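Because the structure is a prediction, the values reported are computed rather than measured.
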Amino acid sequence: MNNLELHVKLEQLIKEKYPEHFRKEVFNLENKIYNMISNQLEANSVCFFNDDKCSNNSKPIGSHLLQQNGVLSKIAINNHVIMFRRNFSEPYKIKFKPVSIESASKCPVFCLHHDTSVFAPIENSKQNCSMEEYIFLITLRSFADEYTKRHEDFKRMKVLYNNINSKEFEDYCKLTGASTEEFKSYIESNRNELEDMLEQYNFLRLKLLTSYKNQDYECITHKQFQSNKIGIAFSTTMIIPISEEQEFFFCVNIFPNESGSKIIFSYFRSEEQLIQQDSSFMDLLNGILHPNLNRIIMIAKENLFYNIQTFLEEDVHCINALIYDNDFNYDYLVPKYFESII
């Protein structure tokens, strides 16, 4: 069965499991709830560094997670790249959105001063930058982006909880068959988990900022691999639990180059022994990239960028399919293309 046939079959299965009018009702309500929450949220207003060197009262600007020039520009066609977006009008499909490299991967993370001065060594080819400093800075930037987004998630969760008795949630519970109390308990549990996670992120922020201040770039080490397939751009960081009391920090950056893609895994040198306890991540560090790298990409797919030529490849047709579970959560089918780039 080729990818197009697989796509058609999956769409058919989804239509049989959930009638179209029901799917659209659920997703329209989710869209209404999302917009209601978004209208009550305040944008991030503090620079990741938040120190006396901050410009404009520490107000962050739109900082690029991935460099506009030298990363996104290498895969851009007509100055645009492709990214994923959820499509509420046809909720069982993915919306592919072309975005300009000027606005792609932007997030209010750093003030103007820190956005330009801290990352000048990797943005300006005329400046000398050691490999240790380069790895540290791309790891710092990736973490700062994730840190900001998780804090935004927590604010969103608090607004969600405060609106649990709204008519929108009442309608949603009636439609899906969930009780208000069950839904409230679920949100409260997620809010508490996020709160615990933010404690870890706050600790990591101080750890990285202290290392930056002391120019201790060697606290971060890395492994690097080369893919000879078409280049993509991607970046994310994560905290991986080993036990209730132990976890490790892991960062993934994928940058397009002349040969395909450069894949960089970075992590704290002091946590190498913890990573050795996780076979999946040890496989990555030993160059066994499939299927674990695909899973990481799919978890953080909003940080994935590629070009229109890749989008038109026959191997990514199956990316149009969505798989639903019984809780109306969804995930994208891992496209064959991403299985084969590594």
J.: Check whether any side-chain heavy atom of Ile296 sits under 4.5 Å from a side-chain heavy atom of Phe281, and report yes or no.
T.: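 When only atoms from C-beta onward are counted, Phe281 and Ile296 do touch, with a gap below 4.5 Å.
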J.: Does Val109 share a hydrophobic cluster with Met197, counting links as ILVMFWY side-chain heavy atoms below 4.5 Å and allowing steps through other members?
T.: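 Val109 clusters together with Met197.
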J.: Starting at CG of Asn253, measure out to CD1 of Ile263 and round the result to the nearest 0.5 Å.
T.: 11.0 Å
J.: Considering non-hydrogen atoms only, spot the tightest contact between Leu285 and Lys223 and give its length.
T.: O-NZ, 3.3 Å
J.: Given Phe255 and Asn257, is the side-chain contact (heavy atoms from CB on, under 4.5 Å) satisfied, shown in steps?
T.: CA-CA 6 Å; Phe255 302 140; Asn257 57 20; over 6 Å; no
J.: Of all residues at least two apart in sequence or in a different chain, which pass the salt bridge (Lys or Arg N to Asp or Glu O under 4.0 Å) check with Lys167?
T.: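 So Lys167 forms a salt bridge (Lys or Arg N to Asp or Glu O under 4.0 Å) with Asp171.
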J.: Name all pairs fulfilling the side-chain hydrogen bond (donor to acceptor under 3.5 Å, both in side chains) condition that reach into residues 265-281, sequence neighbours left out, sorted by first residue then second.
T.: Thr139-Ser266
J.: First locate atom CG of Asp153, then atom OG1 of Thr148, and finally report the distance between them rounded to the nearest 0.5 Å.
T.: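 If I round to the nearest 0.5 Å, the distance is 11.0 Å.
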J.: I'd like to check Ser235 versus Asp145 (side-chain heavy atoms, cut-off strictly below 4.5 Å). Are they in contact?
T.: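 Side chain of Ser235 against side chain of Asp145, heavy atoms only: no contact under 4.5 Å found.
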J.: For Ile61, what are the other residues in its hydrophobic cluster, where any two members join if their side-chain heavy atoms are less than 4.5 angstrom apart?
T.: Leu112
J.: Is there a side-chain contact between Cys219 and Phe136, using heavy atoms and a 4.5 Å cut-off?
T.: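 Side-chain contact under 4.5 Å: yes.
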J.: Using the six-membered ring of Phe268, assess whether NZ or CZ of Lys207 lies under 6.0 Å from its centre and within 45 degrees of the ring axis.
T.: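 So Lys207 does make the cation-pi contact.
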J.: What are the two closest heavy atoms between His64 and Ile101, and how far apart are they?
T.: NE2-O, 3.2 Å
J.: Do the charged groups of Glu195 and Arg191 touch, with an N to O distance under 4.0 Å?
T.: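 A salt bridge is absent here (no side-chain N lies under 4.0 Å from a carboxylate O).
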J.: With the 4.5 Å side-chain cut-off for hydrophobic clustering, are Leu206 and Tyr201 part of the same group?
T.: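 No; tracing contacts between hydrophobic side chains, which count when under 4.5 Å, never links both residues.
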J.: Do Cys107 and Leu65 touch side chain to side chain, with heavy atoms closer than 4.5 Å?
T.: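 SC-SC contact between Cys107 and Leu65 ruled out.
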J.: Are the side chains of Ile33 and Leu160 in contact, using a 4.5 Å heavy-atom criterion?
T.: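 Yes. Closest side-chain heavy atoms under 4.5 Å.
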J.: Which pair of non-hydrogen atoms, one from Asn303 and one from Lys149, has the smallest distance, and what is that distance?
T.: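 What the structure gives for the nearest pair is OD1-NZ, 3.0 Å.
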J.: Relative to the ring of Phe248, is the ring of Phe250 parallel (under 30°), tilted (30 to 60°) or perpendicular (over 60°)?
T.: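 If you compare the ring of Phe250 with that of Phe248, the planes turn out perpendicular.
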J.: Are the side chain of Ser63 and the backbone of Asp115 linked by a donor-acceptor contact shorter than 3.5 Å?
T.: no
J.: Does Phe154 belong to the same Ile/Leu/Val/Met/Phe/Trp/Tyr cluster as Tyr161, with side-chain heavy atoms less than 4.5 Å apart forming each link?
T.: yes
J.: Do you know the tightest heavy-atom contact between Pro121 and Glu133?
T.: CG-OE2, 3.4 Å
J.: Between Gln40 and Asn162, does the side-chain contact (heavy atoms from CB on, under 4.5 Å) criterion hold? Intermediate values first, please.
T.: CA-CA 11 Å; Gln40 297 180 41; Asn162 292 337; 5.9 Å; no
J.: Could you give the distance from CZ (Phe143) to CG (Leu204), rounded to the nearest 0.5 Å?
T.: 4.5 Å
J.: How far does CD of Gln67 sit from CD of Glu123, to the nearest 0.5 angstrom?
T.: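 Gln67 atom CD to Glu123 atom CD measures 4.0 Å (nearest 0.5 Å).
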J.: How far apart are the closest heavy atoms of Ser259 and Gln226, and which atoms are they?
T.: CB-NE2, 3.4 Å
J.: Rounded to the nearest 0.5 Å, what separates atom CD in Gln68 from atom OG in Ser100?
T.: 7.5 Å
J.: Would you say that more than 12 heavy atoms from the other residues, nucleotides or ligands in this model lie under 6.0 Å from the CG of Asn39, or not?
T.: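 Enclosed: over 12 neighbouring heavy atoms sit under 6.0 Å from CG of Asn39.
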J.: Specify the closest pair of heavy atoms between Glu102 and Lys106, including all atoms of both residues, with the distance to one decimal.
T.: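 Closest approach of Glu102 to Lys106: O-CE, 2.9 Å.
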J.: Within the 4.5 Å heavy-atom criterion, are Ile275 and Phe265 side-chain neighbours or not?
T.: no
J.: Would Tyr186 and Leu194 show up in the same hydrophobic cluster when neighbours are defined by side-chain heavy atoms closer than 4.5 Å?
T.: yes
J.: CG of Asn78: more than 12 outside heavy atoms within 6.0 angstrom?
T.: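 Not buried by this count: 12 neighbours or fewer within 6.0 Å.
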J.: In sequence, state the C-alpha distance, the side-chain angles, and the governing distance for Ser142 and Thr237, and then conclude on side-chain hydrogen bond (donor to acceptor under 3.5 Å, both in side chains).
T.: CA-CA 6 Å; Ser142 185; Thr237 60; 4.6 Å; no
J.: Can you tell me how far apart CD1 (Ile232) and CD1 (Ile82) are? Round to the nearest 0.5 Å.
T.: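 Answer rounded to 0.5 Å: 14.0 Å.
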J.: Not counting sequence neighbours, which residues clear side-chain contact (heavy atoms from CB on, under 4.5 Å) with Cys54? List them please.
T.: Cys47, Asp51, Ser58, Cys111, His114
J.: Mind checking what makes side-chain contact (heavy atoms from CB on, under 4.5 Å) contact with Ser166, not counting sequence neighbours?
T.: Met36, Asn163, Glu168, Phe169
J.: With hydrophobic residues grouped by side-chain heavy-atom distances under 4.5 Å, do Leu284 and Met282 end up in a single group?
T.: yes
J.: Considering residues at least two apart in sequence or located in another chain, which fulfil the side-chain contact (heavy atoms from CB on, under 4.5 Å) criterion with Leu209?
T.: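 Residues passing side-chain contact (heavy atoms from CB on, under 4.5 Å) with Leu209: Phe48, Phe49, Arg205.
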